[in-house]
Q: 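Structure below; questions to follow.
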Protein chains: 2
Amino acid sequence: MARHHVTSRDVAERAGVSRTTVSFVLNDVEGTKISDETRQRVLAAAKELGYVPHAAAQVLAGQRTRTIGLAFPRAPHHLPTHFFLLQVMDGLLRVVQQHGLRLLIDSPDDGRSARSYLNLVRAKRIDGLIMLDPRSDDRALRGLAEDGFPLVLIGDLPGGDISSVDVDNRAAARNAVEHLLSCGHRRIACITNAPLSSYTATEERLLGYRDALEAAGIAYDDALVRYGAYTPQSGFNCMTGLLNDVRLLPTAAFVASDVVAFGAMSAIQRRDLRVPEDIALVGFDDVPLARFVNPALTTVRLPATEQGRLAGKLLLELILNQLEVSRRILLDTELIVRASSVPG
Amino acid sequence: MARHHVTSRDVAERAGVSRTTVSFVLNDVEGTKISDETRQRVLAAAKELGYVPHAAAQVLAGQRTRTIGLAFPRAPHHLPTHFFLLQVMDGLLRVVQQHGLRLLIDSPDDGRSARSYLNLVRAKRIDGLIMLDPRSDDRALRGLAEDGFPLVLIGDLPGGDISSVDVDNRAAARNAVEHLLSCGHRRIACITNAPLSSYTATEERLLGYRDALEAAGIAYDDALVRYGAYTPQSGFNCMTGLLNDVRLLPTAAFVASDVVAFGAMSAIQRRDLRVPEDIALVGFDDVPLARFVNPALTTVRLPATEQGRLAGKLLLELILNQLEVSRRILLDTELIVRASSVPG
DNA sequence: ATACCGTACTAACGCGCGTTAGTCAAGGTT
DNA sequence: AACCTTGACTAACGCGCGTTAGTACGGTAT
């Protein structure tokens, strides 16, 4: 079977009409008069032949690609526990499928060449782009937006004027740390979700931590801050480092990522210390496993799926309505208190 | 900026040559004589204009799309904890990037219309397809393979003759249960990773469980088998069900998915029972968090990343070499014994 | 009988590219 | 002097589609 791709010409011949008519019928073109009988003939012929328009030809002939891109930086070892990506995809895929779109993934190494998404745009492969965790030093991204290319960020890029769906990381982190403070903790460590690179979220969460301390009149201590790197192992290592220095020994830790927090929790328990009695723990993200670990993890719930869904809808508006106004959506977070911060 | 897409004609004019020459130079076409001086002029012109070939036009004129598809069924609530997908993507993205390919995601609802991937193929949008967890009742998939369309499965489709990268689920499960038996357990429950649908892995793992029991001369008890559904919550519920019936009370459980096992573990601990002293637990997958939970989870390590990588390479061979022989790769699994099955 | 109009269709172009089948001049052979 | 080569290019076609600018024709209005 399937030797020769069935083209609209084949359909036309079979229906005894011109290719133009086939196109008019199949695309339901407004303002064209086609007799009902002819229309049925064309429809029947198309069905019988199993006609599927050649995507590339459709695109070339000056239509939309009906494809959107999802770009995310790929830091080493990040992907295998990238819950956030999964949840975003979950929300996004729903929108994409609903509108008959296709999703093209672009995930460059987190190196210099981190702009392969540009090629997608330049080669006209996608109608719009959703960018996860944009780098603040990404100039090309701002250029794209200025050129009016449909672009939605999940995360933030300060200073630009780009549509985005984000949360207030700083306030959320502050709130989480204030919870620990209200439990009476004074020596509170911080383990970040990632190295202080060019991603803003990490920095914002760290700032929120400092905000809370400052408001409580507690001096910021550099030695209590450790830099995780996406993985549980990194959290394990950071926490082990903290535990090794007895002078530091915190009574609580704010970990800016649940996945990293799982590692930290493990490190504590390996030392036969208890969570939360010896060290209380608060995470960030509320990944689906947070309530099932032992003890259940107190954390900041992020509306990840919703971010994906909204980013998709927003992008669609940008693509269709050509509305050049950029819209920034800020979603709410919620502190979910569980057993890792308050003793049962 | 960027008003008019820069075409090869623009490059040709700027370099003072024909479009054909531009194409020859940029594509390094064998067997064409282009003077080095001309070549440099073309290269310079292309660079200066920022020329990027129009993807759709290339596809239409040439043959390759330089895009491959990744399809996976999307069961409700599965995606947010779909570690396996992430790891497969991790491996696959590496290959894809290395070869300058693009990845198109297709994830239909797990309903009847689960064959939207067919449209990708028919519309000539992809050169090849990788299918995660194929449904055994998917006739179209076999049809594709028979037509010689490059197709690689991750998971298995019995009876067909399709290239695949898989593990021996049955043997792995049996091995896991034998480990519990060797620890002296006789009443061993089983919680599956998913409902007994049309996915073979679930069934295989259940068969492995039965194999082990049978070999040990233990009668199979239907009441000890519960059906999870991808999520930790489902594991929690299944285990709660087991614990509620005192007559059943197992001393160990084989859970055919780490994620589900996390939920089961949580259910046990909520009852103030201990793992492994009261109930020993073995999972399946060795997700990156398995060693960081409390207690660390004994589990079957799956080479998920490697499956993704190999599937990519295999697909590439099918696309390039046109080798019509289908290859089935079976990778090894490994039982990783941790604290959830053997008391520290 | 002529002009006019709406209905039902179609010829032909262009999207941007890869590629085949050339052209043309310069030098080499018999 | 007539006939190949060979090197360096180019004209032109076709990929499959959407779409613009028509054509043909039966039926009214003048």
Q: For dG18(D), take OP1 and OP2 only and decide whether either is under 4.0 Å from a side-chain N or O of Ser23(A).
A: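 Answer is yes, contact under 4.0 Å.
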
Q: Considering just the side-chain nitrogens and oxygens of Gln58(B), establish if one lies under 4.0 Å of OP1 or OP2 belonging to dG16(C).
A: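 No, Gln58(B) has no side-chain N/O under 4.0 Å of OP1/OP2 on dG16(C).
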
Q: Using a 4.0 Å heavy-atom cut-off across all strands, classify Thr20(B) as base, sugar-phosphate, or nothing.
A: base

Q: Atom CZ of Phe24(B) to atom C1' of dA21(C): distance rounded to whole Å?
A: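 The distance from CZ of Phe24(B) to C1' of dA21(C) comes to 10 Å, rounded to the nearest Å.
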
Q: Output the rounded distance in Å from OH (Tyr51(B)) to P (dG16(C)).
A: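 In whole Å, dG16(C) P lies 10 Å from Tyr51(B) OH.
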
Q: Start at the 5' end of DNA chain C and walk down; is the nucleotide closest to Asn27(B) or to Asp36(A) reached first?
A: Asp36(A)

Q: In whole angstrom, what separates Arg41(A)'s CZ from dA8(C)'s C1'?
A: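 Atom-to-atom, Arg41(A) to dA8(C), this comes out as 12 Å.
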
Q: Check whether any side-chain N or O of Thr38(A) sits under 4.0 Å from OP1 or OP2 of dC9(C), and answer yes or no.
A: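 Affirmative; the distance criterion is met.
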
Q: Let me know the distance between NZ of Lys33(B) and C1' of dT5(D), rounded to the nearest Å.
A: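 My rounded result for the distance is 14 Å.
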
Q: Measure the distance from CZ on Arg9(A) to C1' on dA11(C) and round it to the nearest whole Å.
A: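 For the pair Arg9(A) CZ and dA11(C) C1', the rounded distance is 12 Å.
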
Q: Give one of base, sugar-phosphate or nothing for Thr21(B), where a contact means two heavy atoms less than 4.0 Å apart.
A: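 Contact class for Thr21(B): base.
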
Q: Rounded to the Å, how far apart are Leu26(A) CG and dC17(D) P?
A: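 Between P of dC17(D) and CG of Leu26(A): 10 Å.
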
Q: Crowded around Arg9(A) CZ? As in, over 12 foreign heavy atoms under 6.0 Å?
A: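 Open: at most 12 neighbouring heavy atoms sit under 6.0 Å from CZ of Arg9(A).
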
Q: Rounding to a whole Å, what distance do you find between Leu60(B):CG and dG14(D):C1'?
A: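 From Leu60(B) CG to dG14(D) C1': 9 Å.
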
Q: Considering every strand and a 4.0 Å limit on heavy-atom distances, what is the contact class for Thr32(B): base, sugar-phosphate, or nothing?
A: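 Touches nothing.
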
Q: Looking at Ser8(B), does any N or O in its side chain come under 4.0 Å of the phosphate oxygens OP1/OP2 on dC17(C)?
A: yes

Q: What contact category does Val17(A) fall into here, base, sugar-phosphate, or nothing, at under 4.0 angstrom with non-hydrogen atoms?
A: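 Answer is sugar-phosphate: Val17(A) comes under 4.0 Å of backbone atoms only.
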
Q: Only one of Asp127(A), Leu101(A), Ile126(A) forms a side chain to side chain contact (heavy atoms under 4.5 Å, CB included) with Ile319(A), so which one is it?
A: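 Testing each of Asp127(A), Leu101(A), Ile126(A) against Ile319(A), the sole residue satisfying side chain to side chain contact (heavy atoms under 4.5 Å, CB included) is Asp127(A).
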
Q: Check whether the side chain of Arg19(B) and the base of dG16(C) form a donor-acceptor pair under 3.5 Å.
A: no

Q: Between dT10(C), dG16(C), dT10(D), which nucleotide has the shortest distance from any of its atoms to the side chain of Ser18(A)?
A: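 The closest nucleotide is dT10(C).
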
Q: Verify side-chain hydrogen bond (donor to acceptor under 3.5 Å, both in side chains) between Arg66(A) and Gln58(A), making sure each step is shown before the conclusion.
A: CA-CA 10 Å; Arg66(A) 298 198 67 69; Gln58(A) 278 184 311; over 6 Å; no

Q: For a quick check of understanding: with a heavy-atom distance under 4.0 Å over all strands, which category does Ile34(A) fall into, base, sugar-phosphate or nothing?
A: sugar-phosphate

Q: Hey, what do you get for CD1 (Ile130(B)) to CE (Met89(B)), rounding to the nearest 0.5 Å?
A: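 Rounded to the nearest 0.5 Å, the CD1-CE separation comes out at 11.5 Å.
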
Q: Under 4.0 Å, counting only non-hydrogen atoms across every strand here, what does Thr7(A) touch: a base, just sugar-phosphate, or nothing?
A: sugar-phosphate

Q: From the list dC17(D), dG18(C), dA11(D), which nucleotide is the closest neighbour of the side chain of Ala61(B)?
A: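 Among the listed nucleotides, the one closest to the side chain of Ala61(B) is dG18(C).
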
Q: How are the rings of Tyr230(A) and His78(A) set relative to one another: parallel (under 30°), tilted (30 to 60°) or perpendicular (over 60°)?
A: parallel

Q: Say you draw a straight line from CZ of Arg41(B) to OG1 of Thr21(B); how long is it, rounded to the nearest 0.5 Å?
A: 9.5 Å

Q: Nearest whole angstrom, please: distance from the P of dC15(C) to the CZ of Arg64(A).
A: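 It is 16 Å, rounded to the nearest whole Å.
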
Q: Under 4.0 angstrom, heavy atoms only, what part of the nucleic acid is Ser35(B) near: base, sugar-phosphate, or nothing?
A: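 Sugar-phosphate contact only - Ser35(B) comes under 4.0 Å of backbone atoms but never of a base.
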
